[in-house]
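Numbering of ligands and ligand atoms starts at 1, following listing order.
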Amino acid sequence: MADPTDTLVPFAADRPKTRLSDVLSPAERRAFADAMLDDVLAALSAAGFRPRLLTTEPTDRDVPETVDERPLSDAVNAAVAAHDPSPAAPLAVVMADLALATPRALSRLRAPGDVVLAAGLGGGTNALLTRRPEFRVDYHGGSYLDHLRAARRVDASVREVDSRLLATDADERADLAEVLSHGDGAARDWLVDAGFELDTGDGRVSVVREG
Ligand SMILES: Nc1nc2c(ncn2[C@@H]2O[C@H](COP(=O)(O)OP(=O)(O)OP(=O)(O)O)[C@@H](O)[C@H]2O)c(=O)[nH]1
Ligand SMILES: C[C@H](OP(=O)(O)O)C(=O)O
């Protein structure tokens, strides 16, 4: 087993998954976000990562956590600076809504390189690992390309991890079909218990909610 890799897991505990407001109530969005976080933390631990929540408000989880109310990028960059990453002590950042992430897929973040990036659908950055103290994150608004540029600015080598399992984050209604189709953890169970089913009509599979 590789040395435990310190890993930040950003978690918007106070206002999760607003883009799912069309299908979930505020309480349901928090419950679904918690279920996905359960899955991510389990997969990280199974892969030898040492997670620390970077949360907007305290949680009652048995996981080390840092509470930081600042916007996502500011909070993550402060934690990166405090960690001072190096090849001997890399730092990973893995989003809490990667409902399909497996230990095998997450282990690919340990690829060689100064900065390892796993893209998210829609131009985001769902997971990364940095071995360079100068690298800083810039989330939202097509962050994947921003992170490629940020790596170049500090002359950091980049390894890109092409993984459907890491690229799938549950942001919008259409993503729920991916979780129902391919998930096998708490997030999928939550959707089934909430009455979601696959709608296998013509074209791409979507979801319907019974009851
Ligand atoms: N600590 C912290 N985490 C955040 C913040 N915003 C988002 N996150 C987390 O970062 C990851 C990616 O977040 P997004 O998909 O952009 O936002 P989200 O809150 O999950 O969903 P939306 O509200 O629909 O944008 C998720 O794990 C979020 O919980 C923030 O301001 N602070
Ligand atoms: C955090 C953000 O997620 P998105 O807004 O792309 O879902 C990003 O990956 O830059």
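- More than 12 non-hydrogen atoms from other residues, nucleotides or ligands lie less than 6.0 angstrom from CG of D193.
- Surrounding CG of D199 are more than 12 heavy atoms belonging to other residues, nucleotides or ligands, all under 6.0 Å away.
- Between D169 and ligand 1, a contact under 3.5 Å exists for no N or O pair.
- The shortest N or O to N or O distance between L54 and ligand 1 is under 3.5 Å.
- At under 3.5 Å, not a single nitrogen or oxygen of T55, backbone or side chain, sits near a nitrogen or oxygen of ligand 1.
- In summary, the atoms of ligand 1 found under 4.0 Å from a heavy atom of A12, numbered by their order in the structure, are 3 (N), 4 (C), 5 (C), 6 (N), 7 (C), 8 (N), 9 (C), 19 (O), 28 (C), 29 (O).
- Under 4.0 Å is where a charged nitrogen must lie from a carboxylate oxygen, and between D34 and R30 at least one such pair does.
- Between atom 20 (O) of ligand 1 and the options E65, K17, E57, R70, the minimum heavy-atom separation is to K17.
- Remark: minimum distance from atom 32 (N) of ligand 1 to any protein heavy atom is reached at T56 CG2, 3.4 Å.
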ask   = After noting the C-alpha distance and the side-chain angles of W190 and M36, does the key distance pass the side chain to side chain contact (heavy atoms under 4.5 Å, CB included) rule?
value = CA-CA 9 Å; W190 190 92; M36 290 193 287; over 6 Å; no
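- By the 6.0 Å contact criterion, CZ on R204 is open, its count of non-hydrogen atoms from other residues, nucleotides or ligands being 12 or less.
- To the nearest 0.5 Å, the span separating OG1 on T55 from CG on L8 amounts to 12.0 Å.
- If you look at L20 next to ligand 1, there are no close heavy atoms at all, none under 4.0 Å.
- Within the model, atoms CG of D175 and CG of L20 stand 7.5 Å from one another, a figure rounded to the nearest 0.5 Å.
- Annotation: R70, atom CZ; neighbour count of heavy atoms from other residues, nucleotides and ligands within 6.0 Å is above 12.
- For atom 25 (O) of ligand 1, the closest non-hydrogen atom on the protein side is R19 NH2, 3.0 Å.
- When each of L180, D39, L176, L100 is tested with R188 by the rule side-chain contact (heavy atoms from CB on, under 4.5 Å), just one qualifies, namely L180.
- A donor-acceptor contact closer than 3.5 angstrom links the side chains of R29 and S21.
- Of all the atoms in ligand 2, the ones that sit under 4.0 Å from a non-hydrogen atom of R19 are 4 (P), 5 (O), 7 (O).
- The shortest N or O to N or O distance between S143 and ligand 2 is under 3.5 Å.
- Remark: ligand 2 atoms within the under-4.0 Å shell around heavy atoms of D171 are 7 (O).
- The residue among V67, L72, L37 with a heavy atom at the shortest distance from atom 4 (C) of ligand 1 is L72.
- Regarding atom 23 (O) of ligand 1, its nearest protein heavy-atom neighbour is T18 OG1, 2.7 Å.
- Looking at A75 against ligand 1, nothing comes within 4.0 Å, counting heavy atoms.
- For the residues D175, L121, T125, the heavy atom positioned nearest atom 9 (O) of ligand 2 is part of T125.
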task = Evaluate the side chain to side chain contact (heavy atoms under 4.5 Å, CB included) criterion for residues K17 and V23: first the C-alpha distance (whole Å), next the side-chain angles of each, then the deciding distance (0.1 Å), finally the verdict.
result = CA-CA 11 Å; K17 308 290 59 179; V23 288; over 6 Å; no
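- The aromatic rings of H147 and Y139 lie perpendicular to each other, with more than 60° between the two planes, well past the 30° mark.
- Heavy atoms of R15 approach ligand 1 to within less than 4.0 angstrom.
- Short contacts between ligand 2 and L72, defined as distances under 4.0 Å to a heavy atom of the residue, involve ligand atoms 1 (C).
- Atoms of ligand 1 lying under 4.0 Å from at least one heavy atom of H140, given by number and element, are 16 (O).
- Of the protein's non-hydrogen atoms, the one nearest atom 11 (C) of ligand 1 is M95 SD, 3.6 Å.
- Taking distance alone, with nitrogen or oxygen atoms compared against 3.5 Å, A96 approaches ligand 1 more closely than that limit.
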